[in-house]
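So the structure is just underneath, and the comments pick up after that.
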Amino acid sequence: MLGGRLRLGPDRREPPGPGLSRGGHREPAARPLRRRADHLAARLAAIEGPVVLVGHSYGGAVITNAAAGNPNVESLVYIAGFAPDKGETAFQLAAKYPGSRVTDDPDAPVPTALNAVPLGGEATNVDLYLKPEKFGEVFLSDRLDANRTRVLAATQRPATAASGNEPTRAVAWKTIPSWYLVATDDRTIGTDNLRFMAERAKATTVEVDAPHAVMETNPADVTELILRAAGDSRPSLAATGTSGRTAVLGGAAVLAVAAGTLITVRARRT
């Protein structure tokens, strides 16, 4: 299964370093985030045997739609992720209860912590990036040092206004067992919104003192929950010495989706 490895962090390269920024050079724009549910559903259909799907942030909405009706998907794992019901959108869920700091003006045409980059065509066809000066507060809850925060801000993948407003078409968590990690200092979606979705899905839930980007600050907690969802009975990774970014699993293929981007899919049953 999987060739034995699962990467838990976003699949992106590090920028060359702060020197380029100081020299006025900019990194090429990251590939825009697009709805991946149909693509993921097609990948799932090609996998034989049991599958555990993992989604962080908007990736939760992707796995919710993609896994519906697939009998091989045995578990859904939401890592501070959206778990929408039919007809709901990510933007609606993030505004249900207070806690998100993506905007401090609900009437603003663009959330105040975001930069909108036009993609052409209709006015709503824009990529949305967290402003560099807001990234540490909103995405990381000021938990990482300044250098790492700058790296992550420079390599962030954008959301789109269209994807955040796209209603959910199918709801896998109504028929597939779910696991949920609630980040108790989530300033992107909002902790109370995470709790609401976890409770509604009747998910097996753990709460971790962490920001929205829990994979950066608490990778062992993320890995441990995925192992539990995959039916792994081994002790915690802290005891085994396994890296927090790489886990060796057995018995099920594991696909991880971070912010809607498929991170790993290598299904080879042994």
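We count residues from 1, following the sequence as given. If you're wondering where the values come from, they're calculated on a predicted model, not measured in any experiment.
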Legend entry - Atom pair CG/CG of L225 and L181 - distance to nearest 0.5 Å: 6.0 Å

Inset, instruction - Keeping the roles fixed (side chain from T168, backbone from P84), state whether a donor-acceptor pair exists under 3.5 Å. - result: no

Legend entry - Side-chain donor or acceptor of E199 paired with backbone N/O of F196 under 3.5 Å: no

Legend entry - Derivation and outcome, side-chain contact (heavy atoms from CB on, under 4.5 Å), residues V206 and R228: CA-CA 11 Å; V206 298; R228 289 174 60 188; 3.4 Å; yes

Legend entry - Carboxylate-amine/guanidinium contact R143 D185, below 4.0 Å: yes

Legend entry - Check: R169 main-chain N/O paired with N65 side-chain donor or acceptor under 3.5 Å: yes

Inset, instruction - For the pair T160 and V126, evaluate side-chain contact (heavy atoms from CB on, under 4.5 Å) and give the outcome as yes or no after the intermediate values. - result: CA-CA 6 Å; T160 63; V126 295; over 6 Å; no

Legend entry - N193 (side chain) donor-acceptor with I189 (main chain) under 3.5 angstrom: yes

Inset, instruction - Evaluate salt bridge (Lys or Arg N to Asp or Glu O under 4.0 Å) for K174 paired with D85, printing each intermediate quantity in order. - result: CA-CA 9 Å; K174 289 188 175 182; D85 203 346; 3.0 Å; yes

Inset, instruction - Could you tell me whether a side-chain N or O of T205 sits under 3.5 Å from a main-chain N or O of A203, the two making a donor and an acceptor? - result: yes

Legend entry - Cationic N near anionic O, under 4.0 Å, R187 to E137: no

Legend entry - From L53 atom CG to E74 atom CD, the distance as rounded to the nearest 0.5 Å: 11.5 Å

Legend entry - Approximate separation, where rounding is to 0.5 Å, of F139 CZ and L130 CG: 7.5 Å

Legend entry - Pair T191, Y97: side-chain N/O donor-acceptor within cut-off below 3.5 Å: no

Inset, instruction - Working to the nearest 0.5 Å, report the span between CG of L114 and OG1 of T103. - result: 7.5 Å

Inset, instruction - Please assess V222 against N218 for the test side-chain contact (heavy atoms from CB on, under 4.5 Å), listing each intermediate value before the final yes or no. - result: CA-CA 7 Å; V222 174; N218 299 70; 5.5 Å; no

Legend entry - Side-chain (E88) to main-chain (L93) donor-acceptor, under 3.5 angstrom: no

Inset, instruction - Please work out which of the three classes, parallel, tilted or perpendicular, describes the rings of Y180 and Y78, given edges at 30° and 60°. - result: parallel

Inset, instruction - Give, for atom CZ of R148 and atom CG of L152, the distance between the pair rounded to the nearest 0.5 Å. - result: 4.0 Å

Inset, instruction - May I ask you to say whether D186 pairs ionically with R195, meaning some side-chain N is under 4.0 Å from a carboxylate O? - result: no

Inset, instruction - Look only at the side chain of T184 and the backbone of V208, and say whether a donor-acceptor pair between them is shorter than 3.5 Å. - result: yes

Inset, instruction - Could you walk me through whether L140 and T149 pass the side-chain contact (heavy atoms from CB on, under 4.5 Å) test, one step at a time? - result: CA-CA 8 Å; L140 302 171; T149 297; 3.6 Å; yes

Legend entry - Under 3.5 Å side-chain donor-acceptor pair for H212 and S57: yes

Legend entry - Side-chain donor/acceptor of T64 to backbone N/O of V171, under 3.5 Å: no

Inset, instruction - Report yes or no: does N70 contribute a side-chain atom to a donor-acceptor pair with the main-chain N or O of A66 at less than 3.5 Å? - result: no

Legend entry - T112 and D105: side chain donor to acceptor below 3.5 Å: no

Inset, instruction - Hey, could you give me the CE/OG1 distance between M215 and T217, rounded to the nearest 0.5 Å? - result: 9.0 Å

Inset, instruction - Could you tell me whether a side-chain N or O of N72 sits under 3.5 Å from a main-chain N or O of E48, the two making a donor and an acceptor? - result: no

Inset, instruction - Count the heavy atoms of every other residue, nucleotide or ligand shown that sit under 6.0 Å from NZ of K131, and state whether that count exceeds 12. - result: yes

